[in-house]
Amino acid sequence: MLRFSTAGESHGEALVAVLSGMPAGLRIDLAFIDRELWRRQQGYGRGGRMKIEHDRAHILSGVRHGATIGSPIALTIENRDWKNWQEALPVGAGDPEKHKAVSSPRPGHADLAGALKYNFPEARYVLERASARESAARAAVGAIAKLLLRELGIEVLSHALAVGTAAVRDAEIPWEKIQALYARKEVLLNCADPEAEERMKTEVDNALKTGDSVGGVFEVVAHGVPPGLGTYANWDERLDALLAAAVMSLQAVKAVEIGTGVGSASSPGSAVHDAIGYEHAKGDGRAGYTGFRRRTNHAGGIEGGISNGEDILVRGYLKPISTLRRPLESVNFKTREPVKAAYERSDVAVVPAAGVGGEAMVALTLARCALEKFGGDSMGEVLRNFEGYKKQLKDY
Ligand SMILES: Cc1cc2nc3c(=O)[nH]c(=O)nc-3n(C[C@H](O)[C@H](O)[C@H](O)COP(=O)(O)O)c2cc1C
């Protein structure tokens, strides 16, 4: 089974990820992994931290001569900021005077719940791990999952649907426009609609001016997914459930929608369900896995917990960033006196970066389901199984 875990703290020496279950013989493109890390660092509204870090994946194991060897892949991403924190967060006992306590919990952060749970007198260790810096490790292993999916003709990208109250007017963005966003040298808000992107930028400017923060919505699109990943057979094997959990696990994501799930609840069935047609093969055959076609994709590519051959659409709804330059009321951990919440350097908007995290989680989930269906210990075996399944679909 494809599995991963991460370790590492925001101001620790490095982030760590271990990915196991990758078949042998997958070519690893290091420049591609680093570009995914770069994408996660971009976006209008990011704070000063991302100017310090230039994330690069350093692979320690599981890859030799440019390809996977079937054993667990371990990698690290250096935290450049560590040099400024070595005395404040030493692994050894260190000097308690140098500790940088977070003396009042910040509303919207894990600070209070984490301090109570782990019995810490203040929140420093809590925020070190709850921080979304961890999502860099996910972006790195997600990039490896994307390399596997590419071999199967599947691409996973994201785009912004909303930042604060500024939303794209036409939420149906063609795949080519999302691909064009990926090619951009400057990410800005990663929105395929230039007019909406300008309004999104104004939302961020207003938040910057007023010391506030904004949330938003990203959409992850998986293109070229064959029908048949996931199953209705058991609750915990449904693709929609797996994707929802995967994307919800990202910091600040508070709701996940598959296709137009939210709007569907208040629409009549005739306006929601995607009518089915069939295109007979012409000439040398047909594009796509089968001849079955939909003109709409409200289902977001999943019916009955199974991919149906349309693009998979997963939306992540982000709450506004919790750290505020004009902090909310809080209480001092020690004195219990009312104070303003502590302030740590922060982003004010992160929709594009969260979208890259969402892509990683969707790619890891689809790669897991694809390996469960076409499984094998080498890429040759996986591709052979995949080709057999493609033929089965063509002959259907
Ligand atoms: C890419 C990304 C970057 C983030 N950067 C910040 C930040 O700079 N400041 C902040 O307060 N929250 C930031 N967050 C959100 C917090 O990490 C998150 O809200 C917090 O850890 C509490 O967890 P929860 O919102 O999942 O409950 C970021 C989230 C993401 C996805």
A.B. asks: May I ask you to check whether Tyr182 and His159 place their ring centres under 6.0 Å from each other?
C.D. replies: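 Between His159 and Tyr182, the centre distance exceeds or equals 6.0 Å.
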
A.B. asks: Under 4.0 Å between a side-chain nitrogen and a carboxylate oxygen: does that hold for Arg294 and Glu303?
C.D. replies: yes

A.B. asks: If the threshold is 4.0 Å, N to carboxylate O, is there a salt bridge linking Asp29 and Arg35?
C.D. replies: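 Answer for the salt bridge query: no.
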
A.B. asks: Is any side-chain N of the basic residue among Arg199 and Glu195 closer than 4.0 Å to the acidic one's carboxylate O?
C.D. replies: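 Here Arg199 pairs with Glu195 in a salt bridge, since their nearest N and O are under 4.0 Å apart.
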
A.B. asks: Mark yes when over 12 heavy atoms from residues, nucleotides or ligands other than Asp377 sit less than 6.0 Å from its CG; otherwise mark no.
C.D. replies: no

A.B. asks: Phe32 ring centre to Lys146 NZ or CZ under 6.0 Å, with the angle to the axis within 45°?
C.D. replies: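 No; the conditions do not both hold, so Lys146 does not lie above the ring face of Phe32.
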
A.B. asks: Hey, mind stepping through Val168 and Cys191 against side chain to side chain contact (heavy atoms under 4.5 Å, CB included) and telling me if it holds?
C.D. replies: CA-CA 8 Å; Val168 296; Cys191 180; 3.4 Å; yes

A.B. asks: When hydrophobic residues are tied together by side-chain contacts of less than 4.5 Å, even through go-betweens, does Leu208 share a cluster with Val163?
C.D. replies: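 Yes, same cluster.
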
A.B. asks: Assess the side chains of Thr296 and Asp274: does a donor N or O sit below 3.5 Å from an acceptor N or O?
C.D. replies: yes

A.B. asks: What closest approach, in Å, do Arg40 and Ala353 show between heavy atoms, and which atom pair accounts for it?
C.D. replies: O-CB, 3.1 Å

A.B. asks: Closest heavy-atom contact between Gly301 and Ile312?
C.D. replies: O-CG1, 3.9 Å

A.B. asks: Rounded to the nearest 0.5 Å, what separation is found between the CD1 atom of Ile144 and the CG atom of Leu364?
C.D. replies: 9.0 Å

A.B. asks: Got Tyr343 and Arg325 here, is their nearest side-chain heavy-atom distance under 4.5 Å?
C.D. replies: yes

A.B. asks: Does Glu359 come within less than 4.0 Å of Arg39, counting only side-chain N to carboxylate O?
C.D. replies: yes

A.B. asks: Does Glu87 CD have over 12 foreign heavy atoms under 6.0 Å away?
C.D. replies: no

A.B. asks: Flag this pair as yes if the NZ/CZ of Arg129 is under 6.0 angstrom from the six-membered ring centre of Tyr118 and inside a 45 degree cone about the axis; otherwise no.
C.D. replies: no

A.B. asks: Nearest 0.5 Å please: distance from the NE2 atom of His11 over to the CZ atom of Arg124.
C.D. replies: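 Result: 6.5 Å between the selected atoms.
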
A.B. asks: Can you list the steps and then say if Val362 with Leu243 is a side chain to side chain contact (heavy atoms under 4.5 Å, CB included)?
C.D. replies: CA-CA 6 Å; Val362 168; Leu243 288 170; 4.0 Å; yes

A.B. asks: So, are Glu78 and Arg56 salt-bridged, with charged N and O less than 4.0 Å apart?
C.D. replies: no

A.B. asks: Roughly how far, to the nearest 0.5 Å, is CD of Gln179 from CD of Glu155?
C.D. replies: 7.0 Å

A.B. asks: With rounding to the nearest 0.5 Å, note down the distance linking CD in Gln251 to OG in Ser135.
C.D. replies: 5.5 Å

A.B. asks: Would you say OH of Tyr125 has more than 12 non-hydrogen atoms from neighbouring residues, nucleotides or ligands within 6.0 angstrom?
C.D. replies: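 Atom OH in Tyr125 is not packed in, count stays at 12 or less.
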
A.B. asks: For Lys117, is the NZ atom crowded, meaning more than 12 foreign heavy atoms sit under 6.0 Å from it?
C.D. replies: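 Result for NZ/Lys117: open.
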
A.B. asks: Salt bridge (Lys or Arg N to Asp or Glu O under 4.0 Å), that's the test. Do Arg184 and Glu197 meet it? Break it down for me.
C.D. replies: CA-CA 14 Å; Arg184 270 196 198 168; Glu197 193 163 50; 2.9 Å; yes

A.B. asks: Go through the steps to decide whether Tyr396 and Phe292 satisfy the test side chain to side chain contact (heavy atoms under 4.5 Å, CB included), and finish with yes or no.
C.D. replies: CA-CA 11 Å; Tyr396 178 86; Phe292 293 101; 3.9 Å; yes

A.B. asks: Check whether any side-chain heavy atom of Leu239 lies under 4.5 Å from a side-chain heavy atom of Cys369, and answer yes or no.
C.D. replies: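 Yes, side chains in contact.
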
A.B. asks: Look at atom NZ of Lys177 and say whether more than 12 heavy atoms of other residues, nucleotides or ligands are closer to it than 6.0 Å.
C.D. replies: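 Not more than 12 within 6.0 Å, no.
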
A.B. asks: Decide whether a cation-pi geometry holds between Lys254 and Tyr317; the criteria are a distance under 6.0 Å from NZ or CZ to the six-membered ring centre and an angle within 45° of the ring axis.
C.D. replies: no

A.B. asks: Taking side-chain contact (heavy atoms from CB on, under 4.5 Å) as the criterion, tell me which of Leu60, Val141, Leu26, Thr68 meets it with Ile73.
C.D. replies: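 That would be Thr68.
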
A.B. asks: For the residue pair Phe374 and Tyr389, does the interplanar ring angle fall in the parallel (under 30°), tilted (30 to 60°) or perpendicular (over 60°) class?
C.D. replies: tilted

A.B. asks: Would you call Glu387 and Arg384 a salt bridge, taking side-chain N to carboxylate O under 4.0 Å as the test?
C.D. replies: no

A.B. asks: Looking at CG of Leu75 and CG of Leu19, how far apart are the two atoms once the value is rounded to the nearest 0.5 Å?
C.D. replies: 8.0 Å

A.B. asks: How many angstroms lie between atom CG of Asp55 and atom CG of Leu37, to the nearest 0.5 angstrom?
C.D. replies: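 Separation between the atoms: 5.5 Å.
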
A.B. asks: Salt bridge between Asp205 and Lys209, side-chain N to carboxylate O under 4.0 Å?
C.D. replies: no

A.B. asks: How far apart are the closest heavy atoms of Ala349 and Ile321, and which atoms are they?
C.D. replies: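 Between these two residues, the closest heavy atoms are N-CG1, 4.1 Å.
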
A.B. asks: State, with a plain yes or no, whether a side-chain heavy atom of Trp85 is found less than 4.5 Å away from one of Asn79.
C.D. replies: no

A.B. asks: Is any side-chain heavy atom of Leu181 closer than 4.5 Å to one of Leu157?
C.D. replies: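 Of all side-chain heavy-atom pairs linking Leu181 with Leu157, none is under 4.5 Å.
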
